[in-house]
Structure formats: C-alpha cells, structure tokens
Protein chains: 2
Amino acid sequence: MPHDFAAILKELHLKVTPRRLATLAALSTATTYVSPEEVHKRLQGEFARIGLPTVYRNLEELAAGGVITKVLHPNRQLYYYFCPNRSHHHHFVCLACRTVEDLECCGLEDLEKQVGGRVISHIVQANGLCQACLRAGREASA
Amino acid sequence: MPHDFAAILKELHLKVTPRRLATLAALSTATTYVSPEEVHKRLQGEFARIGLPTVYRNLEELAAGGVITKVLHPNRQLYYYFCPNRSHHHHFVCLACRTVEDLECCGLEDLEKQVGGRVISHIVQANGLCQACLRAGREASA
DNA sequence: ATCTCAATGGAAACCATTTTTATTTAACCT
DNA sequence: AGGTTAAATAAAAATGGTTTCCATTGAGAT
C-alpha cells in the first residue's frame, strides 16, 4: 500500500505542502540514506525554485516527528532515511553503498532504568560494510 | 594511582609531547565532557602558544586510540570525555551539567551477529538530564 | 650531537548548516 | 468561493566548528 504522506503531515501538525510531499516521496523511494544536499538536487527536478534551507528545515521536522530517521555518519554529516519499519529498532548502515539494515531493538531501554535522571534521546547505530560491499571489496567512503 | 599518560601515548605510537600530556591531564581531571574549544582555553593557561588545530588533532588521535571517548551532542558539536572505566560500556550524558554516567554494555554486540557484513564502529549513547539537574529544574542547554 | 619524521602554530579555507527577512501559500472560517 | 492568518518558503548572507596548508619546531633514535 502506498504511504499517505498527507495524512502523516497532518498528524504532525505540519501543513501539507508540495515540497514536503515531494520530500517524503523522495525519501521513501530512495533505497539508501541520503544527504540534504541530495534531496535538494532531486527536488530541483520537480520545482523550479527550491531552497536548501527549506530542505534542511523539512527534514529536521520530519525527523523530529519520527517519520524519518537520522543517520549519523562518521564523517559528521547528517543523512536521512525513510524506514518503513514502524516498530522501535535501530540501524546498521553501510558506509560504502549507504544501504540500511534494521537491527532488532537492543537492551538500551532496560539500561535506561540504570539512569537516575530522565533520558531525552538515545542513539544506537552500527556502521560498517554490508555483505555485498564486503564481498565486492568496496571501501567505506565519505 | 595516577595515570601514566606517557605510557599511554607510547602505546598508541604517539610522541610524548607536553601538549598531549597536558591534554590528557586536562581531560582526566575534568568532571564533565568538554569541547575542543574548552580544552584549548585551558591549555592556554599552560602554554604561551597553543593552536586550536593541535587540540583538535590530538583529541581526535586520542579518541581513535580509545583513550578518550567522543560525546555526540544533539547540538551536533563534538565533545570529549576521559572515562577511567576501561571495560566496554557506553554513556548517559547530562545535557545540562555535562556529567557522564556509565551504562553497562547493552546487547549491541549480539545484534552485530545479525549483520551480514562487517561492523566498523558503533554508537550507543543516551542523552538527558541527570537526577541532580532534574531535581534542580535545570534545562538541557546547547 | 645529529638526523629524521612527527608534531605544531598560524592563517586561511572549508562547507555543512542556520539565520534573516521579505514574500508566498496552505488552512481555516465564514 | 473569498478573506484572513499564521505557517512555509526563497534567496542571500552569515555562521562557526573543523580542517587544510605549509613553514617551523621538537621528540626520539642512532
């Protein structure tokens, strides 16, 4: 079934704009995690005018709403990934081909009980080379 | 027992320089995670000339060697922390007072077996407010 | 003491990301 | 449909943490 992006946006109390719909469409059809710059490039094929700050803002809002996931790359750039898996889990990301594999939720939630205070956010991510890239001898790239 | 910083540096095949020793001393006496900028400021009290790139380089090398830990702040800046706990574990960091609590190792290592490829690195970190800051009503700060 | 390569300072570059401000547009209410 | 309002956007510029470059200095081995 296709995703109802308009409904998703409404649920987040975000206005349903063509740019946001196109952003979601671009993310959801990508097979890898993508950079804001790349999203911007792709949207330039659809809109005569599309500003980079808009892309950054929308990606950030969508990530804050939990619709898309941030990928923290070792190169310190931020990437985004639309993960159809709606249950709580984390990711293994390939540093060569940028594909993403789901990792079933680890015990961090239990660990949070160790914490005396309040956990606001947590990051769990594994980086490496997927099997295909490993076999092909590809290298991690920036 | 005091840390033998010179020995640590030698083990990493890094030259034992006054700046590196002072960097380690600064990190190890800090009670919180600190920014490169802050390390630089502190070293300026010890050295007439100390360049910011040197601080960045040394912190990066020490982190690569596993002597200090990177803290990935939600504000996207990088901080460093000298953790005396030498066993594998992760951290809960307070976004208000910058203190760090150890989290006993979660199951990510097991999860890595799910991965078909090779895991090069992983991040596990919880962010929030420690109990003291929670009680004091302090807020997460940039 | 000398030699060699790593370490360093300073200035400049880099560049992803954010801010600013004026303009446009979606949403909501008649 | 038309009017209203606050959100969304574009464009340009600024921001600022981080890195690069290169000449100089210094640590460690012989």
Side-chain angles (χ1 to χ4, degrees), chain A residues 4-24 26 33-65 67-68 70-80 98 141-142, chain B residues 5-24 26 33-65 67-68 70-80 141-142:
Chain A
D4 185 346
F5 295 135
I8 290 177
L9 290 173
K10 279 175 185 155
E11 221 166 294
L12 298 179
H13 304 295
L14 296 173
K15 288 190 180 177
V16 179
T17 67
R19 267 147 248 256
R20 282 182 179 145
L21 291 173
T23 298
L24 279 170
Y33 56 87
V34 294
S35 70
E37 185 76 45
E38 287 157 354
V39 173
H40 181 244
K41 273 211 184 65
R42 166 142 176 197
L43 296 196
Q44 281 182 319
E46 295 184 50
F47 300 93
R49 328 171 104 221
I50 171 74
L52 202 41
T54 298
V55 176
Y56 273 90
R57 254 186 279 110
N58 287 340
L59 289 173
E60 183 56 37
E61 287 165 347
L62 292 170
V67 180
I68 61 178
K70 292 183 182 185
V71 171
L72 299 171
H73 197 281
N75 71 7
R76 308 208 3 85
Q77 279 188 241
L78 203 48
Y79 296 82
Y80 292 90
R98 296 189 177 187
S141 67
Chain B
F5 295 134
I8 290 176
L9 291 173
K10 278 174 187 158
E11 221 165 296
L12 297 180
H13 303 294
L14 296 173
K15 289 188 179 177
V16 180
T17 68
R19 269 144 248 258
R20 284 184 177 144
L21 291 172
T23 298
L24 279 169
Y33 57 87
V34 293
S35 70
E37 186 74 43
E38 287 158 354
V39 173
H40 181 243
K41 271 209 185 65
R42 166 139 174 201
L43 295 197
Q44 281 181 319
E46 296 185 49
F47 299 92
R49 333 170 99 220
I50 171 73
L52 204 39
T54 297
V55 175
Y56 273 91
R57 271 188 307 250
N58 287 338
L59 289 173
E60 185 57 38
E61 288 164 346
L62 292 170
V67 180
I68 61 178
K70 291 183 181 186
V71 171
L72 300 172
H73 198 280
N75 71 7
R76 308 210 2 89
Q77 279 188 241
L78 200 51
Y79 296 82
Y80 293 89
S141 66

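What you see below is based on every heavy atom in this structure, not just the backbone, and it leaves out hydrogens, waters and symmetry mates. Chain A is the first sequence line, chain B the second, and so forth, proteins listed ahead of strands; every chain is numbered from 1.
- In this view, B:Tyr80 satisfies the ring pair (Phe, Tyr, Trp, His ring centres under 6.0 Å) rule with no residue, not counting sequence neighbours.
- For A:His73, the ring pair (Phe, Tyr, Trp, His ring centres under 6.0 Å) criterion is met by A:Tyr79, not counting sequence neighbours.
- The nearest whole Å value for the distance from the CD atom in B:Gln44 to the C1' atom in C:dT8 is 14 Å.
- Residue B:Arg49 places at least one side-chain N or O under 4.0 Å from the OP1 or OP2 atom of C:dG10.
- B:Leu59 has its CG atom 11 Å from the P atom of C:dT8, to the nearest Å.
- Between A:Leu12 atom CG and D:dA8 atom C1' there is a gap of 15 Å when expressed in whole angstrom units.
- Taken to the nearest 0.5 Å, the CD1 atom of B:Ile8 stands 9.0 Å off from the CG atom of B:Leu62.
- For B:Tyr56, there are no side-chain hydrogen bond (donor to acceptor under 3.5 Å, both in side chains) partners at least two apart in sequence or on another chain.
- Remark: B:Leu14 CG to B:Arg20 CZ distance equals 4.5 Å, nearest 0.5 Å.
- Each of B:Arg20 and B:Ala48 has a nearest nucleotide on DNA chain C; the 5'-most of these lies closest to B:Arg20.
- Put simply, NE2 on B:His40 is 18 Å from P on D:dG16, counting in whole angstrom units.
- Sorted by first and then second residue, the salt bridge (charged side-chain N to carboxylate O under 4.0 Å, His left out) pairs involving residues 34-49 of chain B (not counting sequence neighbours) are B:Glu38-B:Arg98.
- Look at CG on A:Leu9: it is 10 Å from P on D:dT9, rounded to the nearest Å.
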With sugar-phosphate taken as primed atoms, P, OP1 and OP2 and all else as base, the protein-contact string of nucleotides 25-30 of chain C at under 4.0 Å (heavy atoms; B, S, -) is -BS---
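- For B:His73 and D:dG16, the NE2 to P distance is 17 Å, given to the nearest whole Å.
- Atom CG in B:Leu78 sits 8.5 Å away from atom CG in B:Leu59 (nearest 0.5 Å).
- We find the CZ-OG1 distance between A:Arg19 and A:Thr17 to be 7.5 Å, quoted to the nearest 0.5 Å.
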At under 4.0 Å between heavy atoms, how does the protein contact nucleotides 18-23 of chain D? Give one character per nucleotide, 5' to 3', with B, S or -. BBBB--
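- The nearest whole Å value for the distance from the NZ atom in A:Lys70 to the P atom in C:dA16 is 17 Å.
- B:Arg57 and B:Thr54 share a side-chain donor-acceptor pair at under 3.5 Å.
- Under 4.0 angstrom from either OP1 or OP2 of C:dT8 there lies at least one side-chain N or O belonging to B:Asn58.
- In this structure, A:Tyr80 places its OH atom 7 Å from P of C:dT17, rounding to the nearest Å.
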